[in-house]
Amino acid sequence: MDRRNFIRLAGGGVVAAAAATTVSGCSFGTAYPPVTLEAWNGPGAESEPRRRALAYALTAPNPHNRQAWLVDLREPGVVTLMVDRRRLLPETDPLGRQVLIGHGAFLELLVMGLAEQGLRGDVAVWPHGELPEQLKDWDDRPVARITLVSGAQKDPLFAQVLLRHTPKIAFDTARPVTTASLKTLIESVPAGCLRADGTVDAGRLESLRALCSAADDTELLTARTVMESLRLTRIGPDEISGHRDGISIMSPMARLAAAAGMFDRTQPPAKGSNGFAQMQDFTAALVRSAMGFVWIVSPGNSRAQQLAAGRAYLRLQLKATELGVGVHPLSQSLQEYPEMAPHRARAHQLLIGEPAFHGPGSETVQMLCRIGYTPAPASATPRRPLDHLLVA
């Protein structure tokens, strides 16, 4: 779910992750270090049922690839899921909504991983009450308590779990997404309190692309939100292997810049600068290539509904993987920091015809994603080892 694939250079320039893969006299490779992708090989010989299921769950999509999950296995036959409060995104996700969507995706994969072993995961969300609205008031209360019970049917979408990757490159604009594929994606979201919708209509696409571009520009012009991404940027095999999270960049040009001390993590480029223009062009290319959009809506905005949105999104992405369709979140316009408020209002008007957050029970758009076909398979992203997620 991360979406920033650029770095700022000292002096105002920018190197994008999509930069050229060869540099004169340079033999840098572009593949992530194999050790950082071990999770995508599955649990291997891991035999303990909870750990085996968790080995799949930790591949879940999550904002900025922060992997803000903590898991307690000290109670036999139970998995307790919590938030790692050291891994929040206070600038771009000031209310923690997106982090909890990532927890919902983790939870869905955990349940699927248990079912693959013939075990049902009975999920009780927020057993000690929901987390407060403000991050400063968050504590260590559990997000969910999952009890293992024998007897469960395997999920047919499980076959896609280790094949699911989020595409962060431009889609093939010569290949449209059919209405039939869109309908299948929408129907992959289970019937219930949430609903999904989408469009491949050319007229609607233009207005939604414009929305996403405007929201991108606002995020680029808001210094603290850009700096949050820059601080989480990992360049080259050593940084990527050392963190296994955040925004990973392996392009040769970026690595050369970092090696030369030209990677500037102290300030964002100013509007009108060459650096800003390059950043804007990079994000605009992703938006322009959207061949359709899908979105997930909840009847309110409770913490339980945010988790449910994550579970629904995970299933939608697995179905997309089965269909060969790429799904990439462009949810900047839904973020809750003050500068994004006009875009959040515009998004709700365009998508559901209602103002944003106009009452306790008002519908809330939880996810907005572009869809399309990639010219090449999307790559896996680094994941931390399972033991790093466990409460000692």
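Proximity of L208 to V287: side-chain heavy atoms (C-beta onward) are nowhere separated by under 4.5 Å. Residues L220 and P268 are not in side-chain contact: their nearest non-hydrogen atoms beyond the backbone lie 4.5 Å or more apart. L211 places a side-chain heavy atom less than 4.5 Å from the side chain of L350. Side chains of L73 and L54 form a contact here, defined as non-hydrogen atoms less than 4.5 Å apart. Using a 4.5 Å heavy-atom cutoff, the side chains of P142 and H128 are in contact. Within the 4.5 Å cutoff, the side chain of L135 has no heavy atoms near those of the L95 side chain. In this structure, the side chains of V71 and T80 stay at 4.5 Å or more apart for every pair of heavy atoms. Residues D197 and V297 are not in side-chain contact: their nearest non-hydrogen atoms beyond the backbone lie 4.5 Å or more apart.
A salt bridge does not link R52 to E48: none of the charged nitrogens lies less than 4.0 Å from a carboxylate oxygen. Salt-bridge check for R85 with D140: passed, with a basic side-chain N closer than 4.0 Å to an acidic carboxylate O. No salt bridge links E130 with R303; every basic N to acidic carboxylate O contact stays at or beyond 4.0 Å. Here D217 does not pair with K271 in a salt bridge; the nearest charged N to carboxylate O distance is not below 4.0 Å. With respect to R145 and E75, a salt bridge is recorded, a charged nitrogen being found less than 4.0 Å from a carboxylate O. The pair R51-D387 meets the salt-bridge criterion, since a charged nitrogen lies less than 4.0 angstrom from a carboxylate oxygen. The residues R315 and D155 are annotated as salt-bridged, a charged nitrogen and a carboxylate oxygen being separated by less than 4.0 angstrom.
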Quick one: do K168 and T166 satisfy side chain to side chain contact (heavy atoms under 4.5 Å, CB included)? Show the steps, please.
CA-CA 6 Å; K168 306 176 186 74; T166 302; 4.1 Å; yes
So T222 and E339, side chain to side chain donor-acceptor pair (under 3.5 Å) or not? Walk me through it.
CA-CA 8 Å; T222 305; E339 293 86 346; 4.7 Å; no
If you apply the rule side chain to side chain contact (heavy atoms under 4.5 Å, CB included), what do you find for L182 with I371, and how did you get there?
CA-CA 9 Å; L182 175 65; I371 58 175; 4.0 Å; yes
Decide side chain to side chain contact (heavy atoms under 4.5 Å, CB included) for R234 and I247; before the verdict, give the C-alpha distance in whole Å, the side-chain angles of both, and the deciding distance to 0.1 Å.
CA-CA 6 Å; R234 324 299 188 194; I247 302 165; over 6 Å; no
Start with the C-alpha distance between R224 and E91, add both sets of side-chain angles, then the distance that settles salt bridge (charged side-chain N to carboxylate O under 4.0 Å, His left out), and finish with yes or no.
CA-CA 7 Å; R224 67 184 186 282; E91 305 302 345; 3.1 Å; yes
Check the pair R120, T147 against side chain to side chain contact (heavy atoms under 4.5 Å, CB included), reporting the backbone distance first and the verdict last.
CA-CA 8 Å; R120 188 177 79 245; T147 305; over 6 Å; no
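Defined by atom type and a distance below 3.5 Å, a donor-acceptor pair is present between the side-chain atoms of S229 and H64. Side-chain contact of E363 with N301: a donor-acceptor pair under 3.5 Å is absent, judged by distance alone. Under the 3.5 Å distance criterion, with hydrogens and angles disregarded, a donor-acceptor pair is assigned to the side chains of R370 and S289. In summary, the side chains of T381 and R383 do present a donor paired with an acceptor at a separation below 3.5 Å, with no hydrogens or angles considered. A donor-acceptor contact closer than 3.5 angstrom links the side chains of Q335 and E219. Looking only at atom types and distance, the side chain of N62 has no donor-acceptor partner in the side chain of Q67 under 3.5 Å away. Side-chain contact of T92 with E228: a donor-acceptor pair under 3.5 Å is present, judged by distance alone. If you check the side chains of T178 and S181, you find a donor sitting under 3.5 Å from an acceptor.
For Q305 against P299, the heavy-atom pair with the smallest separation is NE2-CG, 3.4 Å. Looking at every heavy atom in both residues, V200 comes nearest to L205 through O-CD1, 4.0 Å. Closest of all the heavy-atom pairs between L314 and P61 is CD2-CD, 3.7 Å. Considering every non-hydrogen atom in both D245 and N65, the closest pair reads CB-O, 3.2 Å.
When hydrophobic clusters are built by joining Ile, Leu, Val, Met, Phe, Trp and Tyr residues whose side-chain heavy atoms come closer than 4.5 Å, directly or via intermediates, L109 is not grouped with L114. The hydrophobic clustering, which links ILVMFWY residues whose side-chain heavy atoms are closer than 4.5 Å, places W126 and W69 together. Cluster membership for L386 and L107, using ILVMFWY side-chain heavy atoms within less than 4.5 angstrom, is shared. Hydrophobic cluster membership is shared by M367 and L323, with clusters built from Ile, Leu, Val, Met, Phe, Trp and Tyr side chains linked at under 4.5 angstrom. The hydrophobic clustering, which links ILVMFWY residues whose side-chain heavy atoms are closer than 4.5 Å, places F106 and Y313 apart.
The backbone N or O of G113 sits less than 3.5 Å from a side-chain atom of Q117, completing a donor-acceptor pair. The main-chain N or O of A68 is found under 3.5 Å from a side-chain atom of H103 such that the two form a donor-acceptor pair. S241 places no side-chain N or O within donor-acceptor distance of the main-chain N or O of D238, the cut-off being under 3.5 Å. Side-chain N or O atoms of D93 include one that pairs as donor or acceptor with a backbone N or O of V99 at under 3.5 Å. Distance alone, capped at 3.5 Å, places no donor-acceptor pair between the T59 side chain and the A55 backbone. At least one donor-acceptor pair under 3.5 Å links the side chain of E239 to the backbone N or O of I235. Under a 3.5 Å cut-off, the side chain of R50 and the backbone N or O of V78 do form a donor-acceptor pair.
In this structure, R204 is not positioned above the aromatic face of F293 in the sense of NZ or CZ being under 6.0 Å from the six-membered ring centre and within 45° of the axis.
M340 CE to H343 NE2: the interatomic distance, rounded to the nearest 0.5 Å, is 5.5 Å.
Under the side chain to side chain contact (heavy atoms under 4.5 Å, CB included) test applied with S188, the options K319, E322, Q317 reduce to a single match, K319. Results of the side chain to side chain donor-acceptor pair (under 3.5 Å) test with E336 over Q98, R344, R97 single out R97 as the only residue that passes.
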